[in-house]
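A short write-up of the structure that comes next.
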Amino acid sequence: QVRLVESGGGSVQAGGSLRLSCAASGYGYSSYCMGWFRQAPGKEREGVAAIDSDGSTNYADSVKGRFTISQDNAKNILYLQMNSLKPEDTAMYYCAAVGPWRCGGATWRDRRTFGYWGQGTQVTVSS
């Protein structure tokens, strides 16, 4: 049973930073893609960043240079370091995983690619 549990959300002022964590358990794929999605009220869930089992990363244009996705394979934890936060980053952030799979092309942006999801953690950025 795959389980993903996010933490680290909160409220910050614009320009601030947060680090989200996603603890994964029951996930035994040697090749996989893990990602962060976000969904603001009234909007579609969108891909923010993704990372392959080999460490290759992908980012949405809106977060490039500000967000960094990483993973601790020993602890089975996925991270999203978010710097220079903007009010438009306000959303519920979700951790997602799929395997066996690779984050190639544009598939990582599509929520339908991912079969496992966490419950989400709220990020609120005030101006």
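Atoms considered below: every heavy atom in the structure, side chains included; atoms not considered: hydrogens, waters and symmetry mates.
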From CA spacing to verdict: salt bridge (Lys or Arg N to Asp or Glu O under 4.0 Å), Lys64, Asp61: CA-CA 5 Å; Lys64 277 181 183 176; Asp61 288 342; 3.3 Å; yes
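Between the Arg109 side chain and the Gly105 main chain, no donor and acceptor come within less than 3.5 Å of each other. The backbone N or O of Thr107 sits nowhere less than 3.5 Å from a side-chain atom of Asp110 that would complete a donor-acceptor pair. With hydrogens and angles ignored, the 3.5 Å screen pairs a side-chain donor or acceptor of Glu6 with a backbone N or O of Gly120. For the pair Thr124 (side chain) and Ser11 (backbone), a donor-acceptor distance under 3.5 Å is absent. Of the possible donor and acceptor atoms, none in the side chain of Asp52 sits under 3.5 Å from a partner among the backbone N and O of Asp54.
Side-chain contact between Arg45 and Arg38 is absent, with no heavy-atom pair separated by less than 4.5 Å. Side-chain contact between Val63 and Met82 is absent, with no heavy-atom pair separated by less than 4.5 Å. The side-chain heavy atoms of Leu85 and Gln13, taken from C-beta on, include no pair separated by under 4.5 Å. Between Asn83 and Phe67, every side-chain heavy-atom pair lies at or beyond the 4.5 Å cut-off. Inter-residue side-chain proximity for Thr90 and Gln122 is flagged as met; some heavy-atom pair is nearer than 4.5 Å. In this structure, the side chains of Trp36 and Cys22 come closer than 4.5 Å at one or more pairs of heavy atoms. Counting heavy atoms from C-beta on, the side chains of Ile51 and Leu78 come closer than 4.5 Å.
Atom OH of residue Tyr94 and atom CH2 of residue Trp117 lie 9.0 Å apart, to the nearest 0.5 angstrom. Annotation: the span from Cys33 atom SG to Asn58 atom CG amounts to 7.0 Å, rounded to 0.5 Å. In this structure, CE on Met34 lies 11.5 Å from OG on Ser70, to the nearest 0.5 angstrom.
Among residues two or more places apart in sequence or in another chain, the side chain to side chain contact (heavy atoms under 4.5 Å, CB included) test is passed with Lys43 by Ala40. In this structure, the side chain to side chain contact (heavy atoms under 4.5 Å, CB included) partners of Pro100, at least two apart in sequence or on a different chain, are Tyr29, Ser31. Remark: Ala14 engages Pro87, Val125 in a side chain to side chain contact (heavy atoms under 4.5 Å, CB included) (not counting sequence neighbours).
The cationic group of Arg19 lies under 6.0 Å from the six-membered ring centre of Tyr79 and within 45° of the ring axis, placing it in a cation-pi geometry.
Side chains of Tyr32 and Gln71: a donor-acceptor N/O pair is present below 3.5 angstrom, by distance only.
Residues Phe114 and Trp108 keep their aromatic ring centres 6.0 Å or farther apart.
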